[in-house]
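Note sheet for the following structure.
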Amino acid sequence: MSKKELMLGNAAAARGFWEAGCSFASSYPGTPSTEVTEFAADYPELYAEWAPNEKVALESAFGASLAGARSFAAMKHVGLNVAADPLFTMSYTGVNGGLAVVVADDPGMHSSQNEQDSRHYAVAAKLPMLEPADADECREFAAASLELSEKFDAPVLLRLTTRVAHSRSAVCLGERNEAAPGKYEKDPGKYVMMPANAKKRHVFVEERTAALSEYAENCALNRVVKGGKIGVIAAGIAFQYAREALGDAASYLKLGMVNPLPEKLIREFAASVDRLIVVEELDPVIETQVRAMGIACEGKELFTMLGEYTAAMIAEAVLGKKTCAAPVPPVPPRPPVLCPGCPHRGIFYVLSKLKLFVSGDIGCYTLGALPPLGALDTTLCMGGSVSGLHGWCKAAGKEASSRSVAVIGDSTFIHSGITGLINIVYNGSPATVLILDNSITGMTGHQQNPCTGLTLKNTPAPAVDLEGLCRAVGVKRVRTVDPFDLAAAEAALREETSADEPSVIIVKRPCALLKSEISKRRPPVVIDSEKCRRCRACMRIGCPAISFKKETGAVIDRTLCVGCGMCEQLCAFNAISDADGKEK
């Protein structure tokens, strides 16, 4: 009997890759995919790394595949946009060693700027896609993806969603099966995608699609669960919801391979039931293809295209049954906030005070858009702040340019901000870019990046010199400021935004949650209610450690305060002091 262990879906996927003899992983962190690579790094036989971005990660995994190694690259759904360029051409080249592309979608947008459905990529790129429904299937399908990749000479997409990636269930553990490395043979006709070669490889892609369609008809990844005369076609977490909602009242065609679809199997299943319903979160990808087969079905007329489903939602839509559970009282809203002592808070306070146009980016600092800071004007995509600022400056004119900046984190700048900065220099925008260097990739849970001096496995590595890099691409005005020094930050902003040439301000202060910073924290502070004038100036930085009471004025929660001193700089009445009553 195999050993079982309760595992996170992402951890189980990493386990599956390891069991299948995978030896190379390259990824960029992105919720909800991050932990797949973090757990993979725990296996000594599996080399794992953080890449600067998803495109580099997938290209690196492709290189490892060419060398004969089984490999994978993991990313969230918007990361697949970044990696789409090599992905589509890899469909033509095929692989040598097995290559899996893990993509984690985020229905409900728990930590994402959009709610796109990555199944469209599988259809458009004509690549096989597997979708597990629980942690054990994450393990099983991860291993299967590498085997299928070699069998059909194609990268295989493994689609997770937030609920599968971040939920736990029992996983049957297997042993590692060392895969014999594929032998590389020089073959320009297969791997050099110039037009003449690509035309021939397109023929191969269409032939492979037909072979995959035939495989899908009888593969163990797709299975029928017999029950009542209501027929449900579902995959992934939607299958779990439907099974919970409908139980034995329905029969199920559970799809483990969601591209290509098994047309013959779907026709046979449809003929065996009285009513056919497609249950799928987000877009009607399966439903559209079923209808294109000429098969009558129900789908999005019953269900929303927005967000996540629940078992209760499905039961009501299909059976007309409302849940008998007691109504859940509304939960008070708890919007996300920057942590106490967050270095981003100081610079956003100054930006808001100066009423600058702020082109924002993806990271913890996106929270600077929320009240009371309200500093950001835009957030589009990774690196979009820098490129967007260039266009803004060119279109809005000199006066508006002098009232505008871009903000981008250190990891995001490495990911996709460098080229935007080169564009600013090359095309002569008098733009000011702020690189918020908090010494870590913060939003996804403190991953290392090329600026930190450590790799994914915490081995020392050369750290990118941000000042030197900015000067190397042609920026002459580069300076570093501490965001805890509000006066210095304001002076730097006023000076650089008034310059008639590109400039970069590196706003450097480590994340307050880093272990190295926790030991450096100053004592918490208190507010003297007799000195407090109830002016609420200290509330303007939006620190969760500070609250305001009508009777006593501002109050600081000592269990949250990290002694950063920013609130003290805002108090004109010397009402803030350390715990001993000593004014700071």
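Along the sequence shown, residues carry numbers from 1.
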Salt bridge (charged side-chain N to carboxylate O under 4.0 Å, His left out) assessment of Asp117 paired with Arg159: CA-CA 10 Å; Asp117 191 324; Arg159 182 191 188 229; 3.5 Å; yes
Atom CD of residue position Glu178 - does it have more than 12 heavy atoms of other residues, nucleotides or ligands inside 6.0 Å? yes
Mark yes when over 12 heavy atoms from residues, nucleotides or ligands other than Lys300 sit less than 6.0 Å from its NZ; otherwise mark no. yes
Salt bridge flag under 4.0 Å for residues Asp153 and Arg201: yes
For Arg15, what residues pass the salt bridge (charged side-chain N to carboxylate O under 4.0 Å, His left out) criterion, not counting sequence neighbours? Glu19
Between the side chains of Arg168 and Glu35, is the shortest nitrogen-to-carboxylate-oxygen separation below 4.0 Å, so that they form an ion pair? no
Around Lys264, counting heavy atoms of other residues, nucleotides and ligands shown, do more than 12 lie under 6.0 Å from its NZ? no
Among side-chain atoms of Asp105 and Ser118, is any donor-acceptor pair under 3.5 angstrom? yes
Show, in sequence, the C-alpha distance, side-chain angles and deciding distance for Asp361 and Thr412, and conclude whether the side chain to side chain donor-acceptor pair (under 3.5 Å) test is met. CA-CA 8 Å; Asp361 224 290; Thr412 311; 5.0 Å; no
Centroid-centroid under 6.0 Å between Phe152 and Tyr215 rings: yes
Cut-off 3.5 Å, side chains only: do Thr37 and Ser27 have a donor facing an acceptor? yes
The test is ring-ring contact (aromatic ring centres under 6.0 Å, His included); show your working for Phe204 and Tyr92 and say whether it passes. CA-CA 8 Å; Phe204 162 77; Tyr92 279 41; 9.1 Å; no
Modelled atom types, side-chain donor and acceptor of His77 and Glu115, under 3.5 Å: no
Can you confirm whether Gln113 sits close enough to Val78 that some side-chain heavy atom of one is under 4.5 Å from a side-chain heavy atom of the other? yes
Give the intermediate values and the outcome of side chain to side chain donor-acceptor pair (under 3.5 Å) for residues Trp18 and Glu45. CA-CA 8 Å; Trp18 175 80; Glu45 302 92 342; 2.9 Å; yes
Measuring only between side-chain heavy atoms, which start at C-beta, is Val156 closer than 4.5 Å to Leu127? no
Check the pair Tyr121, Asn81 against side chain to side chain donor-acceptor pair (under 3.5 Å), reporting the backbone distance first and the verdict last. CA-CA 9 Å; Tyr121 273 109; Asn81 299 337; 2.5 Å; yes
Would you call Glu206-Lys126 a salt bridge at under 4.0 Å N-O? yes
Under-4.0 Å salt bridge between Lys254 and Glu137: yes
Give a yes or no on whether a salt bridge exists between Arg70 and Glu150, defined as a side-chain N under 4.0 angstrom from a carboxylate O. yes
Listing request: all salt bridge (charged side-chain N to carboxylate O under 4.0 Å, His left out) pairs with a residue in residues 71-80, at least two apart in sequence or in separate chains. none
What I'd like to find out is whether the side chain of His446 reaches to under 4.5 Å of the side chain of Leu514, using heavy atoms alone. yes
Should we count CD of Glu175 as having more than 12 external heavy atoms under 6.0 Å? no
Side-chain ion pair, Glu147 and Lys151, N-O less than 4.0 Å: no
Over 12 non-hydrogen atoms of neighbours within 6.0 angstrom of CG in Asn114: yes
Tell me yes or no: between the side chains of Glu263 and Gln289, is some donor less than 3.5 Å from an acceptor? no
Scan side-chain atoms only and decide if Tyr28 and Thr441 contain a donor-acceptor pair under the 3.5 Å cut-off. no
Would you say the ring centers of Phe303 and Tyr309 fall short of 6.0 Å from each other? yes
